[in-house]
Structures are given as structure tokens and as C-alpha cells.
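Shown next, in C-alpha cells, is the structure this report addresses.
Numbering starts at 1 and runs along the sequence shown. These numbers come from a predicted model, not from an experiment.
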Amino acid sequence: MASKNIRNVILHLLCFLAITALIYLPIKHQIDITPKNTFYPMVQGLFPDYYQYLSIINQGRTRMSYIDQYTLEKTSPTDIHIFYLTLGKFAALTGISDNIIVYHLSILFSLILFYLFSYRLISILVDGQYKWLAVFTVFFAGPFAGWYIKFAGQTIYTGTSWWNHTTVQERLYMTPHHFFASAMLLAAVYAFIRFVREKKLKYVLFCAFFQLIGLLVFSPPGFIFLSAVFLFTTLYLTILMRQKISGKKAKSGFGHIDDIRLLIKGTVVILFVSIAVLTLSYSLVIGTGLSQWEYSIYRAEIFPGTFWVYITSLGVLPFFAVFSLYPIRQKLGREQILILFLSILPLIFYIASVFGFFTINKMRFVYSAPYVFWGILAVWGIRWIVENVKNKPMKKAVFTIILIIILISTISDLYGYWVPQFSKLDTPNNIYIPDQNISAMQYLNMNAKAYSAVLAPDYIGNYLPAFTSDRVYVGHEVATMDFFPKQKKAYHFFNQDFKAEEAAEFIKNNGIEYVFSDRGDIFAEFSSFLKPVFQKGNVVLYKFYE
């Protein structure tokens, strides 16, 4: 027994280290190739969002309401990204001065929770020899690389897209609050299954707690869980009442009226907590108009073939998951039905968003740990396939073929993910920040008042709030109000298309206090109102004087 436990500990360590390597080796590569006289801030995923999160962490050190540093208009403080504000508080309490370190610590913390509750779910839902197959499938199976294949006169794309990356290394870790909320989803599912099995209300309280924390951080996974629990409870109460009326014993395990009452009580607690927090989420996100804005900009028709891309993002898992329907239908088990709901509901909501039934971007329903639930379904299907092969040599052959298929999908996914990561020859200037720009931002930190207004090209405006307490005229496609018109005006300003009077009026009307130029001293014609206060290399900071 002791040797088995040691073996499991070693396997867990190897698995966790492998996942961590998948996440951080590309970062190490970027550090190694960082050009001289530049700073690489360990950017993850979508760098515009990354810098926004860093700016919120910085704000969290001194406050718990988010002020949008990416727009100069007056906006009501919100707690949309309470996760990063909390990280800022953590940094202040622990004395960690580097926001980038805090950000990546949150990734590792979320990964630990995600791995822990993934394995706890697998351990109670998958038997014996199939447990480690489920672990491997959940964490290492992935979509095929983006290949174009011609078939029957049609060109089929086998890959996916950035907004449909659903594996741990490709998407979840790139957005820590999505990652953390997905871990809370897994924790809530685990606690709910324990409640259904053991009929103890303490597990309802655990479930409600995990659901509460997850919903506050990122609501779509929690909304999916809420919907799955509601459908699960409705289905089983219907079955149990029918069985009670007919006098037959309930196969589900809730056979007595007391058990039915317990299920109702537990579900009511979970639903009450979920609805209360979803109402809060509505006021913070949907009520501000951000949800509708995102939906109108990134709605389905902009990305053709969205359904196919969603399916391909799951790799080979749906194929094997189909075979799990046979044992689920025969047994009608409680856990099996719940996992089935958690797998299918995101796809249903995704399609509902495509057709306009939800004014919530379809992408939001992707980030709900689909590889965990679809991976478990796939392993159930694999087990059914193998156990229905009676010939022992053939059984081993079938199992080996299935392993090879999963391994091929893993290698293909790693190829599609890692090769681009390690073959980047050039990157946007938002990723490698010149040292002279860092020096200019340090000047602003020492001399500008908090939340001073700065005009800079949008690519500089994107990362400037991450390293200063200033606000920018334009810098983030979502956070900057009227981003595209402002981007155009800033371009014309730095291209010197404005006359002196127009430039002065533009700066004054927008309350701009500093102008950040990375093209040298180009505003000689504006010297009557723009005075250089800092210069290093091509970077010049101007202060506005009326």
C-alpha cells in the first residue's frame, strides 16, 4: 500500500511538472531571446488584457474599486476584476513589490487548485486502471494542429482559433481569473457529487462557498454549473416522484421522501447563492454595457464556421464521449447525468449566443474546463468500448489503438502550440518594451500625480497603466471608450496632421497633462504649450502648459 502511494505521489509530481513546463518553457524562451536594451514583462496570451490585469493588481494595493486607466472619461468605479484587486491586496500584505510575480503566482495557485479538484473528480468518477488515463486525457489530449486538408473537393481546417483554445496550456492559464473560476467550478461539482452520494448538508455549504467565490471572479462557469444543477434536480425529482407514485424503488439512490427533501434543501441553498451572485455580476458587467459591446463586436458571424471550430477545439474527445452514452443510458447514474449536462450545456449556450438568444459572447461559454468533463466522458466511452471486446488479445489491441490515437492528438496539439511559441522571430512592440520607455514611465511615477492624463500612441498606451498610476487617452480596445475613433485621432496627432491651435485645443479639451512620444522631439511647432520634461533616446515626455 505504501509503495502504491509513493508511486502515485511520483506520478502526480511528474504530471504537475509536465503541465508547468508546458506553460513556462515558452516564457523562458522569450526571456532568452529578449533583444538588448529591452524589457520582457513575461506577457501571457492576449497582451492588451495582460497589461490591464497588471494595472488592476497595482490599484489593488491601495484600493478595492477598479478605476479604468484606459480612458479619460469619468466612469463609475466597478469591481469587475475583483480577482486582480485581491491580488493587489495580497501583494501589499506580503510585501511583494513586483506585480508580474504576483500575476504568475496566481497562475500557479490556480493550476494547483485546478489539478487538485480535477483529480478529486476523476478519483470518484473513474475506476481503477482508467484513472491515470483520465488524468492524461484531461491535461494532455488536445485539438489537432491547424492543418488544411482537401477532402471530396472541400478544404477542411483541422485546427482551432485563439478564442476557442480550451486546453489548460493554450487558454486557461493565460487568463488567471478564468483559470481560477474554472477550478472553483470543479470544486463545486466535486462537493455537489459528494452531497448527492453521502446526503450530508455540509457538502452543500462547501459547494455554495466554491460557487460563490467562482461567480464573483468569472460568472459563466458558475452559470453553467447552476444550469446543470437545476436540470439535474428537476430530472431526478421527476423520476423519483414518478417512481414513488408507481410504488417502485428509486434506482437513483434517493428513494425515500426524506432524501427527496434533502435534495431540495441542498439545491435551494446552491440556487439561492448562485442567483444572488449572478445578480451582482449582472449589475457589474451586463449592467455597464460591456457584455453587449463585446457581443456586438465579436458575435458569431464575424467568425465563420464557429460550430465546427468549437467541436475541433475538443480534439478526439467527442468521438470517444459518444460511446459513454450507452452506459449512461443503461444505468442512468446521478453523476453520469450531471457530467453529461456540464459537457453539453456550454455547447448549447454557445449555439444560443450564435443565434442571438443570449447577448453574451459565445467565447464566454468556452472557458468552463471542457477538457475535464469531456475527458471524463471520453474515458467512460473508452472503458465501454474495451469492456465490450470479449477476446483478450483483441481487447489489448483495441486499448493500444485508442492510446495511440490520444497520443497522436497530444503530439499534434503540442506541435500546433509549441512550434509557434518557439519560432517567433519578431513580436509586437508591446511585448519587448525598450529600456528608454521604462525610464520614461519611472519619471511619470516620480513626478506625475496619480491618475494624470497621458497621450501616447495606442501601443504604448496599452502597457503604460501597467507600470504607472496614470490614465491614457487610448490604449485598450475594450477598456478605452470609443477606442477606434480615439486611435485614429492619436495617430493624426503624432503624425503632426494637427495645426498648433487644433493640437492645443485637442489636448486641453481632453484634460491631457503629458504627451509621450517615441519618435524623438517632433513637436517643435507646439513649443508654446508642450515643454519637454524628459528625454532618453527617441523617447520624449512633454508637459502641457496653458
Side-chain angles (χ1 to χ4, degrees), residues 9-33 40-47 49-50 100-101 103-119 121-122 132-146 158-183 186 312-317 366-376 378-379 403 405-424 427 431:
V9 169
I10 293 173
L11 286 173
H12 281 304
L13 285 174
L14 290 174
C15 187
F16 189 83
L17 288 173
I19 299 167
T20 307
L22 287 174
I23 291 174
Y24 281 104
L25 280 179
I27 295 178
K28 182 182 182 303
H29 170 70
Q30 292 295 333
I31 292 173
D32 292 340
I33 65 172
Y40 169 62
M42 296 177 68
V43 175
Q44 293 297 281
L46 300 173
F47 55 83
D49 292 346
Y50 175 76
I100 295 173
I101 297 299
Y103 179 96
H104 286 277
L105 284 176
S106 76
I107 292 177
L108 288 175
F109 180 66
S110 299
L111 176 59
I112 291 170
L113 292 178
F114 191 92
Y115 184 88
L116 172 65
F117 287 111
S118 293
Y119 184 74
L121 267 180
I122 290 170
W132 281 104
L133 174 61
V135 171
F136 184 86
T137 302
V138 164
F139 286 102
F140 298 104
F144 291 105
T158 61
T160 180
S161 178
W162 67 266
W163 48 274
N164 256 79
H165 288 166
T166 52
T167 57
V168 171
Q169 73 273 16
E170 282 195 275
R171 176 63 199 190
L172 280 177
Y173 85 91
M174 294 184 181
T175 313
H177 68 288
H178 292 177
F179 205 175
F180 180 82
S182 296
L186 299 178
T312 57
S313 72
L314 296 170
V316 298
L317 300 189
V366 171
Y367 314 135
S368 57
Y371 264 73
V372 177
F373 303 120
W374 281 94
I376 291 172
V379 171
L403 288 180
I405 292 173
I406 294 175
L407 187 60
I408 289 173
S409 77
T410 300
I411 294 172
S412 174
D413 176 50
L414 292 179
Y415 175 87
Y417 168 67
W418 271 33
V419 169
Q421 293 284 336
F422 285 91
S423 60
K424 289 180 179 178
T427 55
I431 293 179

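Scanning both residues, Ala21 and Pro26, for their nearest heavy atoms gives O-CD, 4.0 Å. In plain terms, the two heavy atoms of Phe180 and Ser110 that are nearest each other are CB-OG, 3.5 Å. Listed here is the closest heavy atom pair of Ser118 and Val372: OG-CG2, 3.7 Å. The two residues Leu317 and Gly375 come nearest to each other via the heavy atoms CD1-N, 3.8 Å. Of all non-hydrogen atoms in Pro176 and Tyr103, the two that sit nearest each other are CD-OH, 3.1 Å.
The shortest distance between side-chain heavy atoms of Val43 and Gln30 does not fall below 4.5 Å. Side chains of Pro370 and Leu314 form a contact here, defined as non-hydrogen atoms less than 4.5 Å apart. Side-chain contact between Tyr50 and Ile431 is absent, with no heavy atoms from C-beta onward closer than 4.5 Å. The shortest distance between side-chain heavy atoms of Leu14 and Ile10 falls below 4.5 Å. Using a 4.5 Å heavy-atom cutoff, the side chains of Phe140 and Ile406 are not in contact. Contact of the Cys15 side chain with the Tyr115 side chain is registered, since non-hydrogen atoms from C-beta on lie closer than 4.5 Å.
Between atom CG of residue Asp413 and atom CD1 of residue Ile408 there is a gap of 13.5 Å, rounded to the nearest 0.5 Å. Between the CG atom in Leu25 and the CG atom in Asp32 there is a gap of 10.0 Å [rounded to 0.5 Å]. With rounding to the nearest 0.5 Å, the separation of CG in Leu105 from CD1 in Ile100 is 12.0 Å. A distance of 5.5 Å separates CG in Leu414 from CG in Leu22, rounded to the nearest 0.5 Å.
Taking Tyr40 as the reference, nothing meets the side-chain hydrogen bond (donor to acceptor under 3.5 Å, both in side chains) condition, with sequence neighbours excluded. Every residue two or more places apart in sequence or in another chain that forms a side chain to side chain contact (heavy atoms under 4.5 Å, CB included) with Thr20 is listed here: Phe16, Tyr24, Leu108, Leu111.
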Can you check side chain to side chain contact (heavy atoms under 4.5 Å, CB included) on Phe373 and Leu186, steps first, answer last? CA-CA 9 Å; Phe373 303 120; Leu186 299 178; 3.7 Å; yes
Got a list of side-chain donor-acceptor pairs under 3.5 Å for residues 132-139, not counting sequence neighbours?
residue : atom : partner : partner atom : Å
Thr137  : OG1  : Leu133  : O            : 2.7

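Under the 3.5 Å distance criterion, the side-chain polar atoms of His104 are matched with a main-chain donor or acceptor of Met42.
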